[in-house]
Amino acid sequence: MGRFKNNKKSRVIVKPISKKNQEDVSHVTGDKIPKSFVFSRMKLPGSVKQLQMDLRKLMLPYTALSLKEKKRNTLRDFLNVSGPMGVTHFLMLSKTASALNLRVARTPQGPTLTFKIHQYSLASDIAQSQLRPRCPPDLFKTPPLIVLSGFGSQELHLKLATIMFQNIFPSIDINTVKLSTCQRLVLLHYNKDTKLIDFRHYSIRLQPVGVSRRIRKFVQNHQVPDLRNLQDVSDFVTKAGYGSESEGDEEAATVTLSSDLGRVNKGATKSAVKLQEIGPRMTMQLVKVEEGLCTGGIIFSEYGKC
C-alpha cells in the first residue's frame with residue numbers, strides 16, 4: 001500500500017493501481033488514459049457508502065479502489081495526491097438532509113458538474129432481483145464502453161455533460177479494439193421532457209445463434225452432461241427442451257464476429273449480443289455546472305442564478 005502525506009494531521013491513503021495498468025497513454029489510441037478518484041466530502045449513511053464502493057468498482061481498472069479518506073481531509077489533499085498518480089477526474093458523493101448529490105469534476109481546474117440523485121439501486125439490489133446474476137471474475141479487468149443517448153441538444157450545459165462523460169473513460173479505436181476487452185457498458189439516457197438522466201451499468205456477453213443453451217454450456221465448461229434419462233446421445237441435441245433453447249436469435253440483436261471469441265463464438269459467424277444489468281443504477285438530474293473545481297463562476301444552475 002502506498003501512502004501520500006500532506007502533513008501529519010491530514011493525509012489520504014491510496015492503494016496504487018496495479019503496475020500492469022499504470023501506463024498513462026493507451027497503446028491503441030495514443031490518448032491519455034483517464035483515471036479517477038471516487039470519494040465523499042462528509043460521512044455517508046451505510047447504503048450511500050455502498051453506492052460509493054459500487055461506483056469505484058464501476059470505474060475499474062483505472063481508479064483507486066482502496067482510497068481511504070478521513071473526515072479532516074480537504075479537496076486540496078486529494079488534489080495533492082492526484083497529481084503524481086495521473087488522476088484526471090473526481091467523483092464526489094455528498095448527502096444532506098434534503099438531497100443526495102454526485103459531483104463529477106475534471107482535475108485540476110474543473111469544470112464541475114453537480115447531479116442530484118433522485119433514485120438509486122445498489123449492485124447487490126440488482127443481483128438479488130435476477131434469477132441468474134452474472135459477474136465473472138475478469139469482468140472488471142478492462143474499462144467499460146460508454147453510450148450516451150438523448151444528449152444531442154445545443155444547450156451548453158448538456159454539451160459539457162457529454163464531453164465530461166465521454167472523457168471519463170478511455171477512448172477506443174473501433175478498427176483495432178479487441179472484442180475480448182468489451183466486457184461492460186455504461187449507458188446514460190437523457191430525457192428532455194423530465195430533464196432526468198437514467199444511468200445503467202451492464203455486462204456484455206455474446207452467444208452463438210442457433211446453438212442450444214445445453215450445448216453451449218457443455219462446450220464452455222467441459223462438463224459431462226447427465227444422459228441418464230435419455231435413450232440415445234442424439235436426444236441431447238434433438239429432444240424438445242434441449243435443442244430449442246437457443247436464445248437471442250433475432251436479427252436485430254446479432255453481430256457477425258471478425259475473429260474468434262472464446263470457445264463457442266467463432267469468427268465469421270453470427271452471435272447474439274446480450275446485456276445483463278449489474279448495477280449500480282441511478283436516476284439523476286444535472287442541477288449545476290461550475291467553471292472551476294467545486295468553485296468559480298456558475299455556468300448553469302437549474303434553480304436560477306446563485
Side-chain angles (χ1 to χ4, degrees), residues 36-60 63 65 69 89-105 111-135 139-140 143-153 155 157-158 160-166 168-169 184-204 274-290 294 300-304 306:
S36 63
F37 278 168
V38 182
F39 58 92
S40 62
R41 300 299 310 281
M42 58 185 66
K43 187 175 181 180
L44 299 177
S47 60
V48 182
K49 190 73 175 177
Q50 185 58 52
L51 176 62
Q52 176 178 284
M53 291 304 300
D54 286 348
L55 287 173
R56 287 183 182 178
K57 197 170 182 181
L58 179 148
M59 298 302 296
L60 285 173
T63 194
L65 187 62
E69 66 266 50
H89 293 83
F90 287 168
L91 284 76
M92 299 165 282
L93 281 167
S94 60
K95 178 73 171 68
T96 66
S98 59
L100 172 62
N101 294 319
L102 172 66
R103 288 182 175 181
V104 181
T112 303
L113 280 64
T114 301
F115 298 89
K116 179 179 180 181
I117 300 177
H118 290 269
Q119 295 178 320
Y120 69 92
S121 296
L122 302 176
S124 58
D125 298 329
I126 302 297
Q128 289 176 3
S129 68
Q130 297 173 345
L131 183 61
R132 296 184 181 91
R134 179 179 183 269
C135 190
L139 190 61
F140 296 93
L145 308 177
I146 179 76
V147 175
L148 302 178
S149 171
F151 284 85
S153 171
E155 296 179 84
H157 64 287
L158 291 179
L160 290 173
T162 301
I163 295 171
M164 183 71 77
F165 286 125
Q166 286 176 336
I168 206 170
F169 298 108
R184 296 183 290 136
L185 182 144
V186 171
L187 171 65
L188 291 99
H189 173 72
Y190 176 72
N191 187 317
K192 64 180 181 180
D193 296 324
T194 62
K195 299 182 180 180
L196 297 180
I197 299 172
D198 291 319
F199 182 105
R200 301 290 187 269
H201 183 208
Y202 299 94
S203 68
I204 304 172
K274 310 290 286 187
L275 298 181
Q276 182 165 342
E277 190 173 2
I278 54 177
R281 175 194 298 183
M282 294 185 291
T283 299
M284 55 191 189
Q285 181 181 6
L286 180 59
V287 295
K288 186 165 67 172
V289 179
E290 297 167 278
C294 299
F300 165 79
S301 175
E302 179 65 27
Y303 307 115
C306 299

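The structure presented is a predicted model; accordingly, all values stated were derived computationally and were not measured. For the numbers below, each heavy atom of this structure counts, side chains included, while hydrogens, waters and symmetry mates do not.
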- CZ/Arg103 to CG/Leu91 distance, rounded to the nearest 0.5 angstrom? 12.5 Å
- Query: So, does Thr112 use its side chain to make a donor-acceptor pair with the main chain of Cys294 at under 3.5 Å?
  - Reply: yes
- Item | Any donor-acceptor N/O pair, Gln276 side chain to Arg132 backbone, under 3.5 Å | yes
- Which distance, rounded to the nearest 0.5 Å, do you find between the NE2 of His201 and the NZ of Lys57? 9.5 Å
- Do Leu122 and Leu51 come within less than 4.5 Å of each other through their side chains, counting heavy atoms only? yes
- 4.5 Å side-chain heavy-atom contact, Thr194 and His118: no
- Query: How many angstroms lie between atom CZ of Phe37 and atom CE of Met92, to the nearest 0.5 angstrom?
  - Reply: 12.5 Å
- Query: Is there side-chain contact between Ile146 and Leu188, with at least one heavy-atom pair below 4.5 Å?
  - Reply: yes
- Task: Calculate, to the nearest 0.5 Å, the distance between atoms CG and OG belonging to Asn101 and Ser40 respectively.
- Result: 13.0 Å
- Query: Do Gln130 side-chain atoms and Glu277 backbone N/O form a donor-acceptor pair below 3.5 Å?
  - Reply: yes
- Query: Any side-chain heavy atom of Arg281 within less than 4.5 Å of one from Asp125?
  - Reply: no
- Message: I'd like to check Arg200 versus Ile126 (side-chain heavy atoms, cut-off strictly below 4.5 Å). Are they in contact?
- Response: no
- Message: Check Lys195 with Glu155, please: is the shortest side-chain N to carboxylate O separation under 4.0 Å?
- Response: no
- So, do Phe169 and Leu58 sit near enough that their side-chain heavy atoms are less than 4.5 Å apart? yes
- Task: Check whether any side-chain N or O of Thr63 sits under 3.5 Å from a backbone N or O of Leu60 as a donor-acceptor pair, and report yes or no.
- Result: no
- Please name the pair of heavy atoms, one in Pro280 and one in Leu55, separated by the smallest distance, quoted to 0.1 Å. CG-CD2, 4.1 Å
- Point-to-point distance, once rounded to the nearest 0.5 Å, from CE of Met164 to NE2 of His157: 14.0 Å
- Task: State, yes or no, whether a side-chain contact exists between Leu113 and Leu286 at a heavy-atom distance under 4.5 Å.
- Result: yes
- Message: Can you classify the ring geometry of Phe151 versus Tyr190 as parallel (below 30°), tilted (30 to 60°) or perpendicular (above 60°)?
- Response: tilted
- Can you see which heavy atom on Gln52 is nearest to which on Val38, and at what distance? O-CG1, 3.9 Å
- Task: Answer yes or no: is there a side-chain heavy-atom contact under 4.5 Å between Arg184 and Phe140?
- Result: yes
